[in-house]
2 protein chains.
Amino acid sequence: MKQGEQTRNKILKSAGKLFYQHGFHQTAFSDIVHDTGLSKGNITYHFKSKEDILNGVFEQRIENTHASLTNLDKKYPDAALRIEGFIDSLLKGKSELTRYGCRNGSLAYELGKSNNKTRELSRQVFDLTRHWLKKQFLALGFSTEQAGDRAMELFTRGQGICVISQVYSDEKLFEHEVTQLKTLIHNP
Amino acid sequence: MKQGEQTRNKILKSAGKLFYQHGFHQTAFSDIVHDTGLSKGNITYHFKSKEDILNGVFEQRIENTHASLTNLDKKYPDAALRIEGFIDSLLKGKSELTRYGCRNGSLAYELGKSNNKTRELSRQVFDLTRHWLKKQFLALGFSTEQAGDRAMELFTRGQGICVISQVYSDEKLFEHEVTQLKTLIHNP
DNA sequence: GTCTATAAGAAGATAGAC
DNA sequence: GTCTATCTTCTTATAGAC
């Protein structure tokens, strides 16, 4: 990896973390400067504005989400196990998810009200997971309509759980609600 | 109503709308000045800081939520009808809810990451609805545990639907998902 | 590519007149 | 109670040296 590319990734990683943990508007340019240890000028060289960094973060997340889902496909041969693996990955991240909410959902919710570009990018990230889930439910034998409904229910409940358990700062609540999502795999 | 109180309410109404439609950090003090038609000095006379306005908005929402739920109690004699009335009120607000998300959830999600006071106030608003829902499910004959689970499921799904349908800017999606919440009233 | 220094603007909070 | 005017700080963006 060239040095420029390395710096670029460092900025995106740092900004992605800060936007997630504090929100976009509560993250100042100078926060990214501090966190990366780079100079303001250097960051500006790679990204012409804060919004430009945001777009880069989203692109990175599209890649990461795609990689995670592909990883589940490789790890588990069976659709039921894949969905279970997906839910388990939520459980594994319960501490972060309870504290800061969903990486994508919280950012989308903060910025989607006004920023169309962000809403479009959020949609792309969401679609990756939503379509993957639908595919798994189809493989389980559900009809197209049913599979779409199941995927959407699992998805919306996941998002809602993140909102609620963050407000209540309650990991037990998170765990209980997310575990219940597994009933969606089998019940008719 | 005294003039001071009138002005105070005017500020809260305006700020509540702006915080909801644009988010807290994307609403500047000057936006509230413009929207109310009042002077900056006058607003500062009633609220010593922007965060003070925020707290006022939350107090107002606690009152409004309480009033809405009491209203449902008066309007419908039966628990099933009350829950249905609750869900119908969501459907009635679909345009706003799809565009800006949940009044309380979106603000809670934006600010809950860092602001403890806000998280505490959000919790109070959430609890009102959550406990009310649980009470209705208890009246329907569910066990304490089941009623709590139902209330929480209805609540989290509602929140999740708001996040998702905002990202997709899709009222049809909102309507479809919210309507499905009615199955929670009867199914075992 | 990376740095320091600075500009230009917006934000929230304050002071004092009426 | 309500206004105008000002202060201070923070935030983003830019310019130019190395």
Side-chain angles (χ1 to χ4, degrees), chain A residues 1-60 107 110-111 113-118 121, chain B residues 1-60 107 110-111 113-118 121:
Chain A
M1 202 182 335
K2 286 177 193 166
Q3 185 164 9
E5 200 180 338
Q6 214 167 3
T7 305
R8 213 187 117 94
N9 284 338
K10 193 175 185 178
I11 296 166
L12 287 179
K13 191 180 168 188
S14 179
K17 184 188 74 180
L18 293 167
F19 291 166
Y20 174 49
Q21 294 184 348
H22 307 298
F24 178 74
H25 288 104
Q26 276 186 290
T27 301
F29 219 105
S30 58
D31 294 327
I32 303 174
V33 170
H34 277 115
D35 195 73
T36 53
L38 299 169
S39 70
K40 194 168 270 191
N42 194 0
I43 295 174
T44 302
Y45 173 80
H46 289 282
F47 298 94
K48 73 173 195 295
S49 69
K50 195 182 163 190
E51 200 168 325
D52 211 35
I53 300 179
L54 178 68
N55 293 335
V57 166
F58 269 107
E59 279 165 32
Q60 204 188 35
L107 206 50
E110 181 191 351
L111 297 166
K113 298 185 176 196
S114 45
N115 190 323
N116 288 328
K117 171 82 175 165
T118 301
L121 287 168
Chain B
M1 203 183 329
K2 287 177 191 164
Q3 186 165 9
E5 200 181 340
Q6 215 167 6
T7 305
R8 212 187 118 93
N9 284 338
K10 193 176 184 178
I11 296 166
L12 288 179
K13 190 180 170 188
S14 179
K17 184 188 73 181
L18 292 168
F19 291 167
Y20 174 48
Q21 293 183 349
H22 307 298
F24 178 74
H25 287 103
Q26 275 185 293
T27 301
F29 218 105
S30 58
D31 292 328
I32 304 175
V33 171
H34 277 115
D35 196 73
T36 53
L38 300 168
S39 69
K40 191 171 272 190
N42 195 358
I43 294 174
T44 302
Y45 173 78
H46 289 281
F47 299 93
K48 73 173 197 293
S49 70
K50 195 183 165 190
E51 200 169 325
D52 211 36
I53 300 179
L54 178 68
N55 293 335
V57 166
F58 268 107
E59 279 166 30
Q60 205 189 35
L107 206 49
E110 181 191 351
L111 298 166
K113 296 183 177 197
S114 45
N115 191 323
N116 288 328
K117 171 82 175 164
T118 301
L121 287 168

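Note that the structure is predicted; figures quoted are calculated from it, not measured. Any value given below was found using the heavy atoms of this structure, including those in side chains, with hydrogens, waters and symmetry copies removed.
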Practice prompt. Decide yes or no on side chain to side chain contact (heavy atoms under 4.5 Å, CB included) for A:Val57 and A:Tyr20, but give the supporting numbers first.
Written response: CA-CA 10 Å; A:Val57 166; A:Tyr20 174 49; over 6 Å; no
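Listed nucleotides: C:dG1, D:dT12, D:dC3. Nearest to the side chain of A:Tyr45: C:dG1. Nearest nucleotide to the B:Ser30 side chain, out of D:dA13, C:dA11, C:dT2: C:dA11. Listed nucleotides D:dT14, D:dT12, C:dC3 differ in distance to A:Lys40; the shortest reach to its side chain belongs to D:dT12. Counting only heavy atoms from C-beta on, A:Lys50 has its side chain closest to D:dT12 among C:dC3, D:dC3, D:dT12. Taking only side-chain atoms of A:Thr44, from C-beta outward, the nucleotide of C:dG1, D:dT14, C:dT4 with the closest atom is D:dT14. The side chain of A:Ala28 lies closest to D:dT11 when the candidates are C:dT2, D:dT11, D:dT2. Listed candidates were C:dT14, C:dT2, D:dA13. Nearest to the side chain of A:Ser49 is D:dA13.
For the pair B:Gly4 and A:Phe24, both in contact range of DNA chain D, the more 5′-proximal nearest nucleotide belongs to B:Gly4.
None of B:Asp31, B:Ile43, B:Thr7 except one satisfies the side chain to side chain contact (heavy atoms under 4.5 Å, CB included) rule with B:Thr36; the exception is B:Ile43.
Among the protein residues, A:Phe29 comes within range of the sugar-phosphate backbone only, with heavy atoms under 4.0 Å from sugar or phosphate atoms but none that close to a base.
The side-chain tip of B:Lys50 points at the ring of B:Phe24 from less than 6.0 angstrom away and within 45° of straight on.
Between B:Leu54 atom CG and C:dG12 atom P the separation is 12 Å, expressed in whole Å. What separates CG of A:Asp52 from C1' of D:dT14 is a distance of 16 Å, to the nearest Å. Summarising the geometry, the separation between CD1 on B:Ile43 and P on D:dT2 is reported as 11 Å, rounded to the nearest angstrom. Between B:Glu51 atom CD and C:dA13 atom P the separation is 9 Å, expressed in whole Å. The interatomic distance linking B:Ile53 (CD1) with C:dG12 (P) rounds to 9 Å, in whole Å. Spacing between atom CG of A:Asp31 and atom P of D:dT12 amounts to 8 Å, rounded to whole angstrom units. At whole-Å resolution of the value, NE2 in A:His25 and P in D:dC10 are 19 Å apart. Taking atom CD of A:Gln26 as the reference point, atom C1' of D:dC10 lies 14 Å away to the nearest angstrom.
Side chain of A:Glu110 to main chain of A:Gly23: no donor-acceptor pair is present (N/O by atom type, distance under 3.5 Å, no hydrogens or angles). Listed for the A:Thr118 side chain is no donor-acceptor partner under 3.5 Å among the backbone atoms of A:Leu111.
Between D:dT2 and B:His46, a contact under 4.0 Å exists linking OP1 or OP2 to a side-chain N or O. Contact check, A:Gln3 against C:dT2: a side-chain N or O comes under 4.0 Å of OP1 or OP2. The side chain of A:Asn42 places an N or O atom within less than 4.0 Å of a non-bridging phosphate oxygen (OP1 or OP2) of C:dC3.
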